[in-house]
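Reviewing the structure listed below.
FYI, the numbering just counts along the sequence from 1. Predicted model only: the values in this text are computed from it and were never measured.
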Amino acid sequence: RIGGAPGIATELGKQDTLHLPESFFQQGGFSSYTIGALQDLLLTPGTQITPQALNWRFADLNSYKAIPNGAMSTVATPALLDLSGPLGSRVATNVTLGAGRNLLIGTNASVVADPGAVLKFSASSQLTVDGKISAPAGNITFALTPEISPVYNNTRSIWFGSKADISAKGSSALLYTDINGISSGEMLAGGRISVTSPNYVVAEAGAQFDVSGAKSAAVSFKQGYTI
């Protein structure tokens, strides 16, 4: 289970065997996470995941030259880079959540990734989403794994609840304008949302899916001139 207090029964009716806090997805400098459950996986209602990778940042760009060897921590500290800026853009962090039986994204839970991220959700029995999944200009995938039995099973589905908000809309977050008024970076078009099921897919009234484009209020190519 992801989020909530550890060691309590989940909505899926099972005692937890593994609990991951929200902060798990913001540590260690990883730019990709894959979480798989043999049976059920729950993103607890209200849980907010913002996967982001830390980078080493030098306190002084010349300080490391005076040290022949040693730990990176002696000359740099972990830091979260800006989405855009003079140091460039931080790398998007990808997340894959899979369950051998049921995967539930609880009501008002969220996975909000950086622009260009890849988010994948899969289950073999039931995949239910009733929260926010966001990867601006990214790739979001929901899938039920194929059944081995040739007999059709009408209990399997991908179900989007009334509070489901799935967004891969375009983004201008990677644009940066320097102190001279010159803009650089990327303007990203809308991404992709994919839903794959050998059974049926349900989207309740109120569920939203967005792959629209984006615009920037001001992009400057020369100081004093904007378009």
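- N108 meets the side chain to side chain donor-acceptor pair (under 3.5 Å) test with no other residue; sequence neighbours excluded.
- Annotation: F30, atom CZ; neighbour count of heavy atoms from other residues, nucleotides and ligands within 6.0 Å does not exceed 12.
- What you find for A117 and A135 is that their closest heavy atoms are O-CB, 3.8 Å.
- Linking Ile, Leu, Val, Met, Phe, Trp and Tyr whenever their side-chain heavy atoms come within less than 4.5 Å puts I133 and F209 in one cluster.
- A donor-acceptor pair is defined here as one N or O able to donate and one able to accept, closer than 3.5 Å; such a pair exists between the side chain of S84 and the backbone of A173.
- Hydrophobic clustering, with ILVMFWY side chains joined whenever heavy atoms are under 4.5 angstrom apart, groups L119 together with F24.
- Linking ILVMFWY residues whenever their side-chain heavy atoms come closer than 4.5 Å, directly or via other members, places V95 and V195 in the same cluster.
- V211 and V112 are assigned to two separate hydrophobic clusters, defined by single-linkage of ILVMFWY side chains at heavy-atom distances under 4.5 Å.
- In this structure, I166 and G131 approach most closely via the heavy-atom pair CD1-O, 4.4 Å.
- Residues satisfying the side chain to side chain contact (heavy atoms under 4.5 Å, CB included) test with S212, not counting sequence neighbours, are K169, D210.
- If you take CG on L97 and CG on L20, they are separated by 9.5 Å, rounding to the nearest 0.5 Å.
- Applying the side chain to side chain donor-acceptor pair (under 3.5 Å) rule to E204 yields the partners W159; only residues at least two apart in sequence or on another chain are considered.
- With sequence neighbours excluded, the residues satisfying ring pair (Phe, Tyr, Trp, His ring centres under 6.0 Å) with F25 are Y33.
- Nearest heavy-atom pair, A214 versus S171, reported as atom, atom and distance to 0.1 Å: CB-N, 3.4 Å.
- A search for side chain to side chain donor-acceptor pair (under 3.5 Å) contacts involving T155 returns N153, not counting sequence neighbours.
- For the side chain to side chain contact (heavy atoms under 4.5 Å, CB included) with L43, the lone residue among I105, L104, V129 that qualifies is I105.
- The nearest pair of heavy atoms linking A113 to P136 is O-CD, 3.4 Å.
- Partners of L54 under the side chain to side chain contact (heavy atoms under 4.5 Å, CB included) rule, at least two apart in sequence or in another chain, are P78, L80.
- No side-chain heavy atom of D82 sits less than 4.5 Å from a side-chain heavy atom of Y176.
- Distance alone, capped at 3.5 Å, places no donor-acceptor pair between the H19 side chain and the I2 backbone.
- With rounding to the nearest 0.5 Å, the separation of CG in L38 from CG in L18 is 11.0 Å.
- Of all heavy-atom pairs between V111 and P51, the closest is CG1-CD, 4.5 Å.
- Distance check, rounded to the nearest 0.5 Å: CG of L174 to CE of M187 gives 10.5 Å.
- Checking side-chain atoms of R156 against main-chain N and O of T145 turns up a donor-acceptor pair under 3.5 Å.
- The side chain to side chain contact (heavy atoms under 4.5 Å, CB included) test applied to Q208 returns D165, not counting sequence neighbours.
- Pairs passing the ring pair (Phe, Tyr, Trp, His ring centres under 6.0 Å) check and including a residue from residues 103-147, sequence neighbours excluded, read F121-F142, F142-F160.
- Contact of the P115 side chain with the L83 side chain is registered, since non-hydrogen atoms from C-beta on lie closer than 4.5 Å.
- In the model, Q126 has a side-chain atom that pairs as donor or acceptor with a side-chain atom of T128 under 3.5 Å.
- Counting only residues at least two apart or on different chains, the salt bridge (charged side-chain N to carboxylate O under 4.0 Å, His left out) pairs with a member in residues 109-137 are R90-D114.
- In this structure, G116 and A92 approach most closely via the heavy-atom pair C-CB, 4.1 Å.
- Legend: ring pair (Phe, Tyr, Trp, His ring centres under 6.0 Å) pairs involving residues 178-198, not counting sequence neighbours: none detected.
- In this structure, D40 contributes its side chain and N102 its backbone to a donor-acceptor pair below 3.5 Å.
- When the side chain to side chain contact (heavy atoms under 4.5 Å, CB included) test is applied to S197, the partners found at least two apart in sequence or on another chain are L144, I158, N199, V201.
- Residue S110 holds its OG atom at 7.5 Å from CD1 of I49, rounded to the nearest 0.5 Å.
- Between atom OG of residue S167 and atom CD1 of residue I140 there is a gap of 6.5 Å, rounded to the nearest 0.5 Å.
- Remark: Q52 engages Q26 in a side chain to side chain donor-acceptor pair (under 3.5 Å) (not counting sequence neighbours).
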